[in-house]
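Working notes, beginning with the structure itself.
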Amino acid sequence: MTAPQWPAWLQAAGLLTASNLFMTFAWYAHLRDLNHKPWWYAAIFSWSIALFEYLLQVPGNRIGHTQLSLGQLKIMQEAITLCVFVPFAVLYMNEPLKLDYLWAALCMLGAVYFIFR
């Protein structure tokens with residue numbers, strides 16, 4: 001019995017979501033955790049995390065591009081970014097949950113609609 005094959009867009013979305021978790025930590029976690037360290041230390045730390053991001057992002061984009069256009073991949077990535085960033089900002093960085101995130105999400109839904117229609 002073989003495992004069911006997930007559609008390419010779903011495989012891409014899963015890989016890009018995991019990639020985005022690494023990316024968000026690489027870009028922003030040093031602001032909280034390494035603020036007392038020199039900038040170059042934070043850069044090296046972030047680059048080490050970014051490697052794992054690319055190990056997921058590159059295959060995610062390659063798989064996704066078998067069925068999605070470049071524009072669709074980009075907008076899907078931006079929507080995923082917002083879905084990952086908001087919980088990160090609120091739960092990890094202790095930022096307040098703002099209504100602005102809702103407005104940004106509504107704009108992103110518009111972008112998703114227009115690129116995938």
Side-chain angles (χ1 to χ4, degrees):
M1 185 167 147
T2 60
Q5 184 71 14
W6 290 5
W9 68 267
L10 189 56
Q11 292 178 49
L15 286 167
L16 293 175
T17 299
S19 164
N20 220 288
L21 288 167
F22 284 104
M23 180 193 75
T24 302
F25 272 89
W27 282 19
Y28 301 110
H30 66 89
L31 296 174
R32 186 189 96 169
D33 300 326
L34 301 175
N35 204 22
H36 60 286
K37 299 280 189 184
W39 71 266
W40 57 266
Y41 185 90
I44 291 170
F45 179 78
S46 293
W47 287 340
S48 68
I49 295 172
L51 170 65
F52 295 103
E53 175 214 345
Y54 276 87
L55 291 174
L56 297 167
Q57 177 264 336
V58 170
N61 279 334
R62 286 180 174 219
I63 291 168
H65 198 249
T66 63
Q67 290 184 346
L68 303 172
S69 71
L70 188 61
Q72 289 172 327
L73 272 173
K74 179 61 179 168
I75 295 301
M76 183 169 72
Q77 175 65 34
E78 294 303 327
I80 290 168
T81 297
L82 188 61
C83 291
V84 169
F85 179 77
V86 173
F88 172 84
V90 172
L91 299 174
Y92 188 79
M93 297 296 288
N94 298 315
E95 295 281 325
L97 181 60
K98 298 178 182 178
L99 206 50
D100 293 343
Y101 293 130
L102 173 63
W103 306 137
L106 289 174
C107 290
M108 190 57 63
L109 280 176
V112 168
Y113 169 76
F114 286 112
I115 204 75
F116 281 94
R117 67 183 168 140

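Note that the structure is a prediction, hence the values are computed from the model and not measured. All values below were derived from every heavy atom in this structure, side-chain atoms included, with hydrogens, water molecules and symmetry-related copies excluded.
Note on residues 62-79: pairs passing salt bridge (charged side-chain N to carboxylate O under 4.0 Å, His left out), not counting sequence neighbours, are Lys74-Glu78.
By the criterion of side-chain heavy atoms lying less than 4.5 angstrom apart, applied directly or through intervening Ile, Leu, Val, Met, Phe, Trp or Tyr residues, Leu109 is grouped together with Trp103 in one hydrophobic cluster. Using a 4.5 Å cut-off between side-chain heavy atoms of Ile, Leu, Val, Met, Phe, Trp and Tyr, with links allowed through other members, Val90 and Leu31 fall into the same hydrophobic cluster. Taking hydrophobic clusters as Ile, Leu, Val, Met, Phe, Trp and Tyr residues chained together by side-chain heavy-atom distances below 4.5 Å, Leu70 does not share a cluster with Met76. Linking Ile, Leu, Val, Met, Phe, Trp and Tyr whenever their side-chain heavy atoms come within less than 4.5 Å leaves Leu82 and Leu106 in two separate clusters.
The shortest non-hydrogen separation linking Ile49 to Phe22 is CG2-O, 3.2 Å. What you find for Tyr101 and Pro96 is that their closest heavy atoms are CE1-O, 4.0 Å. Ala50 approaches Ala26 most closely through the heavy-atom pair N-CB, 4.1 Å. In plain terms, the two heavy atoms of Leu73 and Gly64 that are nearest each other are CD2-CA, 4.0 Å.
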- Please lay out, stage by stage, how Phe88 and Phe25 fare under the test side chain to side chain contact (heavy atoms under 4.5 Å, CB included). CA-CA 8 Å; Phe88 172 84; Phe25 272 89; 3.7 Å; yes
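Within a 6.0 Å radius of CZ in Phe116, more than 12 heavy atoms belonging to other residues, nucleotides or ligands are found. Within 6.0 Å of OH in Tyr41 there are 12 or fewer heavy atoms belonging to other residues, nucleotides or ligands.
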Can I get a per-line list of side-chain donor-acceptor pairs under 3.5 Å for residues 6-17, giving both atom names and the distance, sequence neighbours left out?
from: Gln11; atom 1: NE2; to: Trp6; atom 2: O; distance (Å): 2.7
from: Thr17; atom 1: OG1; to: Ala13; atom 2: O; distance (Å): 2.7

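Separating the CG atom in Leu21 from the CD atom in Glu53 is a distance of 10.5 Å, to the nearest 0.5 Å.
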